[in-house]
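Values reported hereafter were calculated over all heavy atoms of this structure, with side chains retained and with hydrogens, waters and symmetry mates removed. Proteins come first, then strands; the chains are lettered A, B, ... in the order of their sequence lines, and each starts at number 1.
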2 protein chains.
Amino acid sequence: MTDRLTDFEHLLLGLICAEPSSGYDLKRAFVTTPIGVYQPSSGALYPALQRLQTKGLIQSGPPTTAGVSPGRRRSVNQATSAGRAAHENWVRTPVEAASVSRDLGLHLMRFVMMEPLLTQPEVLAFLCGLRDALAAFVAELDRYTRAATFEGRHPALALDHGIAIHRASLDWAEHAITSLTT
Amino acid sequence: MTDRLTDFEHLLLGLICAEPSSGYDLKRAFVTTPIGVYQPSSGALYPALQRLQTKGLIQSGPPTTAGVSPGRRRSVNQATSAGRAAHENWVRTPVEAASVSRDLGLHLMRFVMMEPLLTQPEVLAFLCGLRDALAAFVAELDRYTRAATFEGRHPALALDHGIAIHRASLDWAEHAITSLTT
DNA sequence: ATCCGCATGTAACCCGTTACATGATTCT
DNA sequence: AGAATCATGTAACGGGTTACATGCGGAT
């Protein structure tokens, strides 16, 4: 019951918390999303919804044709209070400095989903945590660049890339902080 | 035999092509790597090596204690000619514009590994393909930003992030091109 | 009445993670 | 000799991908 959820399950739960949705809605949500790079398959989506249901985090209403007219019956999934609690808990998870690079995309998703749930100070605290973690990561890469000795030019260039994109993330975090405080 | 390889298998094969290595060497290679965010587990590493061996892409020599003195016997994996061919083929794979965001990390790895294998014009062609794909992706995100209407500020900020980091990648690609032509 | 597309699912397969097991080598 | 570490593996488990199955709605 207090099992860990997959990243994917967390995202689904978050989308459902934001708005009760059918499986098909969720699929389209991922397609339409700006980071539409990922399109979940049915074989990933529906089993994940079943797992969330088994854990009591969502419950699916009976198939209805309500809402959209040119559609077939769809069972709408709604978050339970336990589900909303789990989602809010996930959204509040602080940024881990050690895994900031790997989890960056996930943090951005959390940033979007925390808007209607958290107070502005909480959001700013999250962004500061993210900024600090990114600053530490960039510093580490810089340190590595100075310490290491490369053969050839490509390794150094690849490192430059890592530094560049994480510095861009860092700049964004600072921009977001000032943008949200005005 | 002509099965597709996993990304991970491609990386292993590439590392082995660059230098014959034991499983332990490969593990440490990932740890020491600048993007040391990923550390393969034994349960991923050794089965992957076995799969490469089954496909005839690598072959492991008998356990030896040669080389490092304070070590145990390790079986050194060497790439076969088929393995080197498969690796070179992988390195030469052109950048797919549709998946450039998802595969960006992989492309960087390929960029590093292509240094001793490809001619400078080939490397530049790869970088130009990467640059064009990134430019197209950034343009798409820009278009999406103008077209979409958001509720709240976080979604727009998250999109800004996506644009910022991919623009940084794009700038890097252009810098790399000019850096390698001088 | 039939056909096509929507919406939800299911089964087989693959692979990575976690955790444990095993033998060999060096250190005390 | 015994302990600790190195190096290689294996077993159970989870979850994602691909491909297929089903059933209902609207269109011709």
Side-chain angles (χ1 to χ4, degrees), chain A residues 1-13 16 20-32 37-55 58-77 99 102-103 106, chain B residues 1 3-13 16 20-32 37-55 58-77 99 102-103 105-106:
Chain A
M1 168 190 173
T2 324
D3 293 331
R4 289 270 199 290
L5 298 186
T6 307
D7 292 342
F8 181 49
E9 289 169 341
H10 275 299
L11 287 179
L12 287 180
L13 180 56
I16 292 169
S21 313
S22 70
Y24 209 71
D25 290 334
L26 294 167
K27 232 184 200 171
R28 283 191 295 103
F30 276 97
V31 173
T32 314
V37 169
Y38 177 64
Q39 146 89 341
S41 58
S42 302
L45 181 61
Y46 291 103
L49 289 174
Q50 287 169 359
R51 289 194 296 272
L52 289 176
Q53 204 169 336
T54 298
K55 297 180 199 223
I58 66 174
Q59 86 192 75
S60 72
T64 58
T65 329
V68 285
S69 33
R72 234 202 68 211
R73 100 240 119 69
R74 30 173 88 184
S75 18
V76 173
N77 299 285
S99 60
R102 193 191 50 191
D103 295 341
L106 217 52
Chain B
M1 170 191 173
D3 292 332
R4 290 267 200 291
L5 297 185
T6 307
D7 293 342
F8 180 49
E9 290 169 341
H10 275 299
L11 288 178
L12 286 180
L13 180 56
I16 291 169
S21 312
S22 69
Y24 209 71
D25 289 335
L26 295 166
K27 230 183 200 173
R28 284 191 294 104
F30 276 97
V31 174
T32 314
V37 168
Y38 177 65
Q39 144 91 338
S41 57
S42 302
L45 180 61
Y46 292 102
L49 289 174
Q50 286 168 0
R51 289 194 297 270
L52 290 175
Q53 202 168 337
T54 298
K55 295 179 202 221
I58 67 174
Q59 86 190 75
S60 71
T64 57
T65 329
V68 284
S69 34
R72 231 200 70 213
R73 101 238 119 68
R74 25 220 242 158
S75 17
V76 173
N77 300 285
S99 61
R102 194 192 48 189
D103 295 341
L106 217 50

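B:Leu12 CG to B:Glu9 CD: the interatomic distance, rounded to the nearest 0.5 Å, is 7.5 Å.
Crowding of A:Gln53 atom CD: a count of heavy atoms from other residues, nucleotides or ligands under 6.0 Å exceeding 12.
Whole-Å rounding puts the B:Lys27 NZ to D:dA7 P distance at 10 Å. The nearest whole Å value for the distance from the CD1 atom in A:Ile58 to the P atom in C:dT8 is 12 Å. Going from atom CG of B:Asp3 over to atom P of D:dT18 covers 15 Å, rounded to whole Å. In this structure, OH of B:Tyr46 is placed 16 Å from C1' of C:dA19, rounded to the nearest angstrom. Rounded to an integer number of Å, the gap from A:Arg74 CZ to C:dG5 P is 17 Å.
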### Task
Determine, step by step, whether A:Arg74 and A:Asp25 satisfy the side chain to side chain contact (heavy atoms under 4.5 Å, CB included) criterion, reporting the C-alpha distance in whole Å, the side-chain angles of both residues, the deciding distance to 0.1 Å, and the verdict.
CA-CA 9 Å; A:Arg74 30 173 88 184; A:Asp25 290 334; 2.9 Å; yes
### Task
Take A:Asp3 and A:Arg51, measure what salt bridge (charged side-chain N to carboxylate O under 4.0 Å, His left out) needs, and give me the verdict at the end.
CA-CA 11 Å; A:Asp3 293 331; A:Arg51 289 194 296 272; over 6 Å; no
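Between A:Phe30 and A:Tyr38, the ring-plane angle classifies as perpendicular under the 30° and 60° cut-offs.
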Between the protein and nucleotides 15-18 of chain C, list every N/O to N/O distance that falls short of 3.5 Å.
| from | atom 1 | to | atom 2 | distance (Å) |
| --- | --- | --- | --- | --- |
| C:dG16 | OP2 | B:Arg51 | NH2 | 3.2 |
| C:dT17 | OP2 | B:Ser41 | OG | 3.4 |

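OP1 and OP2 of D:dT8 both lie 4.0 Å or more from every side-chain N or O belonging to B:Gln50.
Looking at every heavy atom in both residues, A:Leu52 comes nearest to A:Leu13 through CD1-N, 4.2 Å.
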